[in-house]
Amino acid sequence: MEQIFQHLKSKIKGEVLTDAASLGMYSTDASIYQIKPIAIVLPKDADDVGIAINTAFANNIAILPRGAGTSLAGQTVGKSMILDFSKYMNAIIEINETEKWVRVQPGMARDDLNAVLAPLGLHFAPDPATSSRANVGGMVGNNSSGTKSVLFGKTVDHVLEAHVILAEGTPLHLKNYSPEEYQKKAAQNNREGEIYKTFKNLVLQNQEEIKARFPKVMRRVGGYNLDEFVYTDNWNLSKLICGSEGTLATTVELKLNLVDLPKHKSVCVVHFSELLEAISAVESMLEFNPSAVEILDKTVVGLSRENLLTKHHCHFIEGNPAAILIVEFYGDTKADVMDRPQKMIAYLKENNFGYAYPLFPEGKSYDDVWVVRKKGLGLMLGLKGNKKPLPFIEDAGIPSESLPEYIDQVLKVCEKHQTKAAMYAHASVGVIHVRPILDLRLAEDIERLKNITEDTFELVMKYKGSWSGEHGDGLVRSAYNKRFFGDTLYNVFMDIKKLMDPKNLMNPGKIIEAQTIEKNLRYGVNYKDEKVKTEYNYKAEEGFEAAVHMCSGVGECRKVLGGTMCPSFKATRDEEHSTRGRANALRLAMSNQLGANALSGKRLHEVMDLCLSCKACKSECPSNVDMAKMKGDVLQMYYDQNRISFRDKLIRDSSKVANKISGATSGIVNAIQKSSIFKYILEKAAGFDKRRTLPDFAKEPFYKWFAKNAFKTNKGSKKVVLFADTYLNYHEPQVGISALELLNSCGYEVVLANVGCCQRPKISHGFLRDAKREGAKTIEGLKPFLDQGLKIVVCEPSCASALNDDLPDLISNQETAEQLKNGVRMIDVFLSDEYNNGRLDVDFEPVSEQIVIHGHCHQKALYGTSAMKSLLKNSKKDVSEIPSGCCGMAGSFGYEKEHYDLSKKIGEDILFPAVNKLKKDSELVACGFSCRHQIEHFTEAKPKHFVEVIRAIKK
């Protein structure tokens, strides 16, 4: 096998991955299953795909086309050669604005596509919750739909053409044909003709059975889409490929229908005291022609209110509802999208449905509602503990008139099997995703999995629903297709599979000839984690193992547009450099699936190497996976078993070095650091890239300046403590001086806490025991202030996060940990709270007419930039923020030779172009020390800290 893949590597332009860690990372998706693949191929073009398929066919290797791997049913795992299209084959080939269609490669993410189409007033309408990373090829393979399906239908309704390659290498161009054109195709004496002729005969011979057995609900994606061919004379075999889950052919290009973007939108959030009351209200809501009706139960609502990201968007939730219905309206006028929901609200009140009905036109509140809805799935999967809400009965599509009774019966089934459940999703079309909460490490819960599935299947048959309404058959539902469709149609499915794929190489085991539901579980009775000794306590996560298992596989970290997570994935498009990839590698290592001592091994170190410790995953991941924290522990394990390099030691001790150098000798050192000889030697000796210049050291440390000068102005009726971090102390004392002046002008006497380093360099670089030991001294210095109830304000975001996010979980004293969490504040957040609570007799004014902000990663993840923006905007001057993600520096990361190019690439994505376009009179604000240096290095801008661009004026 190794020779086969070496040959393939020599022939294709893309990549072939065969190492154990890479195979392990692709062995799971967002489902409950795990199957190790044979190899991973990342093709660069259709020629690469053809070579890979021919190689697989010649050697009887199964083939599995895959995109983002967000399947909830297990379609994208298998003992196969996986073709991952997401890294390279993700381009738009052609847009026809007039005829409203687009040609794309299969690895294009749905939201990325729509971002290009939006200026044209068009979009690709199906909108699954994973749309930020769901590849259109996967959406076609799965026949995805989403929240707006009541309006736009499923993906099959929007597929116009498909270029595919069969398992033996035959290319086909599938599109719509009239009966006469189809007959010409079927008359060909070749492979294409055989397929067209045989498929037509199979459908015509069984058309009455197809009409009788296929569900009549709109949300039906089980089996093969034979019902697409019995109500029309024009046949399009791309609609057979849609929903075939990669079992018939590999798609290399798609032509998709586009629809107009809605002109106006609104959303009403109807609150209910009882779950079944909410479901009973759905059918009457449909009379008002909404574009979506989505349900979130009390479990998801509760998780949304706790989650670091979504809790800021939950202002629209009133009281403690048992469920909410999110009812959206599209229309041609503003009046229309407000009038229809108001009529609906009047009807609901008259008929005693619901207790609160907030209504929002398009805008921030509207967006907040949909943020909470879209994160619902990930939030559910991120429940703490071994029991998780699992996807196995969640995909039934039920006629709306039977939905309340069906849900009631399903909940009784779960109760019968001593199982709680959570639910969310598409009430408008009868697809409410009910998730029983189970731990599949337990034999009794595996029995519950089987029994709940069996009882629910009987209910779906009883109510004439669809067994697969959206998420597909995969490994979880395919075994039921014979019973669901009957022997006759199941045999037709078998014949179609054999016609298209005679050797059964295309994603075998899906749709037909499938395993039973309990096979190949990611977690089964034999799953066992080794006990891992860590430095962090993981109090909130309930242990290191639980922290790893919080990753559900939904792949939010694979999004490219918006947010900060995950900078290295955005730049590389490599699975192993996503948060999900790292979490999977950790899980495999922790459970001894990567061999002995894998947690401290070099391969896992490689996987963690490009994690920038930005903490974006802690807030942007729906499950709040904190990879920065876990990386710290893994690095500590690595150092315990491997040699610590000279560079690692320099980074570890950087705060001590800064303390020694700043002052009288700083001028000499600064001059030497700028010389090409020094940079060359430093690169050779320590691996710091010679294109970088190390930060200057201060001629006078801030704490010394403070001792000599602060008494002149440092008076006030209130006290606040300013933390003297390494950066403002030894590199940029002007930041400390500006902070002092700002706080003084707000009426505060400033007490300087020059008590040592926050330990950020040690923490981010994995020297956790050193950080814990030295951090204890820092905490000891802060403790008297905390005991007095004084707030400790910090200028550097990474120092603030070290003090109130990292150190509290490294120390054992819970009382002190809580003091750090509550007592340490970013300076902008502190001032904003004081201002909003009426404790300041000042107004704030920016020093420039136009302020543009770049937020530090830790700042955005843990504190947000809204406090800073609100203070700057008080004067009504122009204040904006670059939607820039990570700058790419991340402490020492951007200085390291092997990371320099990636550091640059991350910044070039959005930040550097945006900075270069700024007007000359704009003032660029970046609170992060690393951010400022990264921007200065790659642009001509000279960014300043927030405290340098704002002043307080007496009212």
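We number each residue from 1, following the sequence as shown.
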The reported gap from SG in Cys617 to CD in Glu556 (rounded to nearest 0.5 angstrom) is 11.5 Å
**Asked** Quick one: does Leu449's side chain get under 4.5 Å of Leu440's, heavy atoms only?
**Response** yes
ring-ring contact (aromatic ring centres under 6.0 Å, His included) with Trp467: of Phe484, Phe392, Phe457, only one passes, and it is Phe457
| Check ion pair Arg373-Glu328 (N to O, under 4.0 angstrom) | no
Criterion side chain to side chain contact (heavy atoms under 4.5 Å, CB included) on Thr453 and Tyr480, from CA distance to verdict: CA-CA 10 Å; Thr453 303; Tyr480 289 84; 3.2 Å; yes
Under the criterion side chain to side chain contact (heavy atoms under 4.5 Å, CB included), I'd like the reasoning laid out for Ile63 against Leu83: C-alpha separation, chi angles, the key distance, then a yes or no. CA-CA 7 Å; Ile63 303 161; Leu83 302 176; 3.7 Å; yes
Check: Can you list the steps and then say if Ile241 with Leu174 is a side chain to side chain contact (heavy atoms under 4.5 Å, CB included)?
Finding: CA-CA 9 Å; Ile241 296 300; Leu174 308 176; 3.4 Å; yes
query: Is Asp260 salt-bridged to Lys100, cutoff N-O under 4.0 Å?
result: yes
Checking Arg110, Lys154, Lys148 against Asp127 for salt bridge (charged side-chain N to carboxylate O under 4.0 Å, His left out), the one that qualifies is Lys148
- request: Please check if any side-chain donor atom of Thr247 sits under 3.5 Å from a side-chain acceptor atom of Asp501, or the reverse.
  value: no
**Item:** Pair Asp395 + Arg477: basic N to acidic O under 4.0 Å
**Value:** yes
query = Any side-chain donor-acceptor pair under 3.5 Å between Ser131 and Lys374?
reply = yes
Per side chain to side chain contact (heavy atoms under 4.5 Å, CB included), Phe124 is matched among Val136, Asn257, Val102 by Val136
Whether Asp112 and Lys559 form a salt bridge (side-chain N of Lys/Arg under 4.0 Å from carboxylate O of Asp/Glu) is what I want to check.
no
Q.
Less than 3.5 Å apart, any donor N or O on the side chain of Asn135 or Ser86 sitting next to an acceptor on the other?
A. no
Discussion item. Please check: side-chain N/O of Glu245 versus main-chain N/O of Gly474, any donor-acceptor pairing under 3.5 Å?
Written reply: yes
message = What I want to check is whether the side chains of Ser149 and Arg219 have a donor and an acceptor closer together than 3.5 Å.
response = yes
Separation between OG1 (Thr155) and CD (Glu470), nearest 0.5 Å, reads 9.5 Å
Per salt bridge (charged side-chain N to carboxylate O under 4.0 Å, His left out), Glu161 is matched among Arg103, Lys175, Lys255 by Lys255
Just by modelled atom types, is the Gly14 backbone N or O under 3.5 Å from a matching donor or acceptor in the Asp48 side chain? yes
Any Lys/Arg nitrogen of Glu575 or Arg558 sitting under 4.0 Å from an Asp/Glu carboxylate oxygen of the other?
yes
| query | Have Gln75 and His471 got a donor and an acceptor in their side chains that come within less than 3.5 Å? | reply | no
- Task: Using only heavy-atom distances, determine whether the side chains of Ser468 and Asp473 contain a donor-acceptor pair under 3.5 Å.
- Result: yes
Tyr224/Phe493 under ring-ring contact (aromatic ring centres under 6.0 Å, His included): CA gap, chis, key distance, verdict: CA-CA 7 Å; Tyr224 294 124; Phe493 293 165; 5.6 Å; yes
Would a distance-only check, ignoring hydrogens and angles, find a side-chain to backbone donor-acceptor pair under 3.5 Å from Asn142 to Gly138?
no
On a heavy-atom basis, the closest approach of Ile517 and Tyr33 is O-OH, 2.7 Å
Do the side chain of Thr251 and the main chain of Gly137 share a donor and acceptor less than 3.5 angstrom apart? no
Minimal heavy-atom distance between Gly509 and Ala514, with the atoms involved, is O-CB, 3.4 Å
Separation between CZ (Arg213) and CG (Leu226), nearest 0.5 Å, reads 13.0 Å
dist Cys557:SG -> Met565:CE (nearest 0.5 Å) comes out at 5.5 Å
*Count the heavy atoms belonging to other residues, nucleotides or ligands that lie under 6.0 Å from NZ of Lys211, then report whether that count exceeds 12.*
yes
Interatomic distance, CD1@Ile279 vs CG@Asp297, rounded to 0.5 Å, equals 9.0 Å
Side chain to side chain contact (heavy atoms under 4.5 Å, CB included) test vs Met25 passes for just one of Arg582, Arg580, Arg587, Glu576, namely Glu576
### Task
Answer with yes or no after comparing the ring centroid distance for Tyr424 and His433 against a 6.0 Å cut-off, counting only values under it.
yes
* Backbone N or O of Gly69 within a donor-acceptor pair of the Asp29 side chain at under 3.5 Å? -> no
Is there a side-chain contact between Ile61 and Met81 (heavy atoms, below 4.5 Å)?
yes
Distance col, row Asn481:CG vs Ile512:CD1, nearest 0.5 angstrom, shows 9.5 Å
Under a plain distance cut-off of 3.5 Å, with no hydrogens placed, do Tyr26 and Asp84 share a side-chain donor-acceptor pair? yes
Closest heavy-atom pair, Gln105 versus Asn90, reported as atoms and distance to 0.1 Å, is OE1-N, 3.1 Å
Q. Do the charged groups of Asp574 and Lys87 touch, with an N to O distance under 4.0 Å?
A. yes
Please check: side-chain N/O of Lys497 versus main-chain N/O of Met506, any donor-acceptor pairing under 3.5 Å? yes
N/O donor-acceptor pair under 3.5 Å between Asn114 side chain and Leu117 backbone: no
Heavy-atom donor-acceptor pair, Lys36 side chain to Leu23 backbone, under 3.5 Å = no
Shortest non-hydrogen pair, Gly397 vs Val217, comes out as O-CG2, 3.8 Å
- [ ] Hey, can you tell me if Phe229 and Trp235 have their rings parallel, tilted or perpendicular (30° and 60° cut-offs)?
- [x] perpendicular
Note to self: Classify the ring geometry of His173 against His163: parallel below 30°, tilted from 30° to 60°, perpendicular beyond 60°.
What the structure shows: parallel
- Query: Would Val140 and Asn143 count as a side chain to side chain contact (heavy atoms under 4.5 Å, CB included) if you check the C-alpha gap in whole Å, the side-chain angles of each, and the deciding distance to 0.1 Å?
  - Reply: CA-CA 5 Å; Val140 169; Asn143 195 8; over 6 Å; no
*Look at the side chain of Arg522 and the backbone N and O of Ala30, then say whether any donor-acceptor pair between them is shorter than 3.5 Å.*
no
- prompt: Any donor-acceptor pair under 3.5 Å linking the side chain of Ser478 with the backbone of Leu475?
  reply: no
Do Asn236 and Ser238 meet the criterion of a side-chain donor-acceptor pair at a distance under 3.5 Å? yes
Item to complete: Specify whether Phe152 and Tyr330 have parallel, tilted or perpendicular ring planes, treating 30° as the upper limit for parallel and 60° as the lower limit for perpendicular.
Response: tilted
Here the pair of heavy atoms bringing Gly246 nearest to Asn507 is O-CB, 3.5 Å
In terms of heavy-atom contacts, does NZ of Lys464 have more than 12 from other residues, nucleotides or ligands at under 6.0 Å? no
In short, Ile393 meets Tyr406 closest at the heavy-atom pair O-OH, 4.4 Å
Next item on the list: Determine whether the side chains of Tyr523 and Gln34 contain a donor N or O and an acceptor N or O closer than 3.5 Å.
Entry: no
